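Below, chain A is the first sequence line, B the second, and so on; all start at residue 1. A quick note: this is a predicted structure, and the numbers were derived from the prediction, not measured.
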Amino acid sequence: MEIFTRHKRFWLIAPAVIYIGFFMGLPLVQMAYVSILERGVNGGVEWGNFSFDSYVSFIFERDLMDNLMVNTDYLQIFLRSFGLSALTTVLALILGFPTAFYIAMQPQKRRNMFIFLVTIPFWTNILVRNYAWMLLLRNGGLIDHLLASVGIQTGGLDILYTPYAVSIGLTYTYLPFMVLPIYASLEKLDHRLIEAAFDLGANKRKAMTRIILPLAAPGIVAGAILVFIPCLGAYVTPELLGGGKFMMISNLIGSQFGAARNWPFGSALSFVLLAMVLLAMLVYSLKFKKMAEDAS
Amino acid sequence: MSEVVISARSVSKRFGSGTHAVHALDDVSVDIFQNEFFTMLGPSGCGKTTLLRLIGGFEQTTAGEIALEGRVLNDLPPFKRPINTVFQSYALFPHLTVRQNITFGLEMQNISRHDASKRADEMLELVRLSQFGDRQPSQLSGGQQQRIALARALAPAPKVLLLDEPLSALDLKLRKEMQIELKRLQTETGITFVFVTHDQEEALAMSDRIAVMKSGKILQIGTPRDIYETPTHRFVADFIGDSNFLQGDIKQNGAHAVLALPGGQNVSLANVETGIHLSQSATIGIRPERLILHPAGTHNTALRGKIADVVYFGTDTTYHITIDDQTALLARVQNRDGSTMAFAKGNNVDITLPAGAIRVLVD
């Protein structure tokens, strides 16, 4: 294919390169720069005054005697966010896999309809959907009412503004990102492989664990990544369903640029998060590169 | 005859319902015997694969029952039947190695890892792929995948092995090799093979018995020789090998019946079992190699025809003959000793039809 010379090919991707460079690369560099500056007294930064204080204060704080003391507050917020994201990913997988499997087993026509239904929540603003969940979950809310009407007196669910509410909200928000890639991998699964498993004496459970799950693994992993990583960066859901009492990384970062007026620290937190996500992705891709090599 | 392994009794299978229902199988009964290479032969859509899938348990019968050694299988799911299948697409598990594919069925029977591994080695040796155990299926050629699919299905020592057009994806040379290979495996393992194909040559070459199917029914069951030499239906005679068909009315002519052709000539049916009443219209079939050609005017009772075309094939010559300018016949004559009987295009010939070669066929 010598239709496009090297020179001409560059111009084909130039718009994308320029767009990403300008709107993603540049802000990232700026953030990195801000994270190693001193904070301004009234917000903003002291341009030209370099300091690694922001990164240091992620783990340490200075006491009155100017000694460094370990402060695990921020680390805890990070760990909590990772834990909550992991919980959400697991919940989404537990709900998403059977859903995807069910859809994949339907006749072609009905499958498309189900996939369409799965994507319907995207039509509504995420803020509106989270407010809707507040109405559902709050004491005296719809779920409370329903439970009471079937004779279960909870005396108030007391679930809104807890980590559980946040996890429910996040699971709801990111469930389609789990369902769709798993569906994609199950849909192209050769039905005759399942028949072959039955033929060789595998019951339904064995066929699932030995044949279907391993073959759906790429979809499951893709779904897990698509749920886990956006969860780490979730802002609206913990803000609303966690009621601000329950902070996740994004809320912490947001507060640094807002009320706390500590831009360098906010930037530094962003980069710590970015580093962690990249590290996780690196481990994943190395592991799967090896698996892919084994498979081919 | 030996013991019946698979017995299908009045089996029907309907897909869909109401006016859109498709009758894939219509009241089919068949017995398949121990240690037999049994082939179901027919064009696509004749129901042969459906019958195979019913035996395998992948579909449920609409009516009738299928029994294995006397035990009715109808409600048994595939994983509880001691029957294994070689799928048309092989259906090897892509995430498992060749060896893991073979041991899969054994593990499902809770056979110890050690014994399963030993059995896998035996199977790999049986299909002559001993050094390929640690490969992935995707690293094998089509023919090798085919052998692994066989090894995998044979490993649990099933009572019956079902083969769903397993050779259709292979090229001609490989297909011929695998035909011999399949026959060898069947003889060596002593397992009953039920084979589905639309390839008549394949069926003739390998089978102990063949069931010829059409439109959800079995038309004829018999040895390859039966099927070829004494077909009962026009469809059977047409589907397997070449055949001449003559249509006419049965009439009495002196002591015996004749078939009166539309052009006015008669074919003598003396010593032919017709089973058909006088004045009924009938079709007779005769293989091209069974026609005997004579120079014109030498045989009084013969059919008189004209050579329309001559095609030389080396081992034999095919003559295209027309009778009364309206009925076409094909005659195949072996070219022995350079053949002294060479007819030329345009020659008139006398054609005799040996009584033993004439079959009165059901349409």
Side-chain angles (χ1 to χ4, degrees), chain A residues 93 97 100-101 104-111 181-225 284-296, chain B residues 16 49 52-53 55-59 76-97 100-111 116 123 134-139 145 148-158 160-166:
Chain A
L93 180 60
F97 186 85
F101 188 71
M105 292 298 119
Q106 297 300 311
Q108 182 67 47
K109 226 176 173 179
R110 209 176 304 167
R111 275 189 237 165
I182 295 180
Y183 166 76
S185 66
L186 286 176
E187 192 231 1
K188 60 173 194 261
L189 182 84
D190 187 349
H191 198 258
R192 283 165 299 198
L193 293 177
I194 304 171
E195 281 193 350
F198 285 149
D199 185 69
L200 290 164
N203 55 28
K204 284 181 180 165
R205 195 171 55 82
K206 289 268 191 200
M208 178 58 81
T209 56
R210 296 288 305 272
I211 304 300
I212 299 170
L213 277 176
L215 290 173
I220 293 172
V221 171
I225 289 174
Y284 157 77
S285 68
L286 285 178
K287 186 165 178 290
F288 264 77
K289 204 174 154 198
K290 192 179 168 296
M291 273 175 69
E293 276 166 5
D294 288 347
S296 62
Chain B
T49 296
L52 198 81
R53 289 175 62 80
I55 297 172
F58 301 114
E59 308 281 355
L76 228 50
F79 54 87
K80 288 190 178 157
R81 302 185 184 204
I83 297 172
N84 289 342
T85 309
V86 177
F87 293 87
Q88 187 170 9
S89 56
Y90 316 144
L92 295 175
F93 304 129
H95 60 300
L96 302 179
T97 64
Q100 287 168 334
N101 262 281
I102 296 173
T103 54
F104 186 87
L106 302 166
E107 281 171 45
M108 292 304 125
Q109 294 183 351
N110 294 320
I111 288 169
M123 286 298 123
D134 297 322
R135 301 267 186 104
Q136 298 295 133
S138 57
Q139 294 171 300
Q145 289 186 24
I148 296 307
L150 270 164
R152 182 179 71 174
L154 285 169
V160 178
L161 185 74
L162 307 176
L163 302 108
D164 184 9
E165 308 218 16

| request: Report the residues that fulfil ring-ring contact (aromatic ring centres under 6.0 Å, His included) with A:Phe97, sequence neighbours left out, ordered by chain and then residue number. | output: none
| task | Heavy atoms only, distances under 4.5 angstrom: which of B:Pro77, B:Ser89, B:Pro156, B:Ala155 has the most pairs with chain A? Name it, please. | result | B:Ser89
| task | Rounded to the nearest 0.5 Å, what's the gap from CG on B:Leu150 to CG on B:Leu161? Could you check? | result | 6.5 Å
| How close do A:Arg111 and A:Glu187 get, heavy atom to heavy atom, and via which atoms? | NH1-CG, 3.3 Å
| task | Give, as side chain, backbone, both or neither, the part of B:Leu162 having an atom under 4.5 angstrom from any heavy atom of chain A. | result | neither
| Quick one: what part of B:Phe93 sits under 4.5 Å from any heavy atom of chain A, side chain, backbone, both or neither? | both
| field | Interchain contact, B:Arg135 with chain A, by part (heavy-atom threshold 4.5 Å) | value | neither
| query | Quick one: CZ on B:Arg81 to CD1 on B:Ile55, what's the gap to the nearest 0.5 Å? | reply | 9.0 Å
| said: Test: salt bridge (charged side-chain N to carboxylate O under 4.0 Å, His left out). Region: residues 204-225 of chain A. Which pairs qualify, not counting sequence neighbours? | reply: A:Arg210-B:Glu107
| field | Residue B:Leu92 versus chain A: region with a heavy atom under 4.5 Å | value | backbone
| note | Honestly, the part of A:Ala207 sitting under 4.5 Å from a heavy atom of chain B is neither
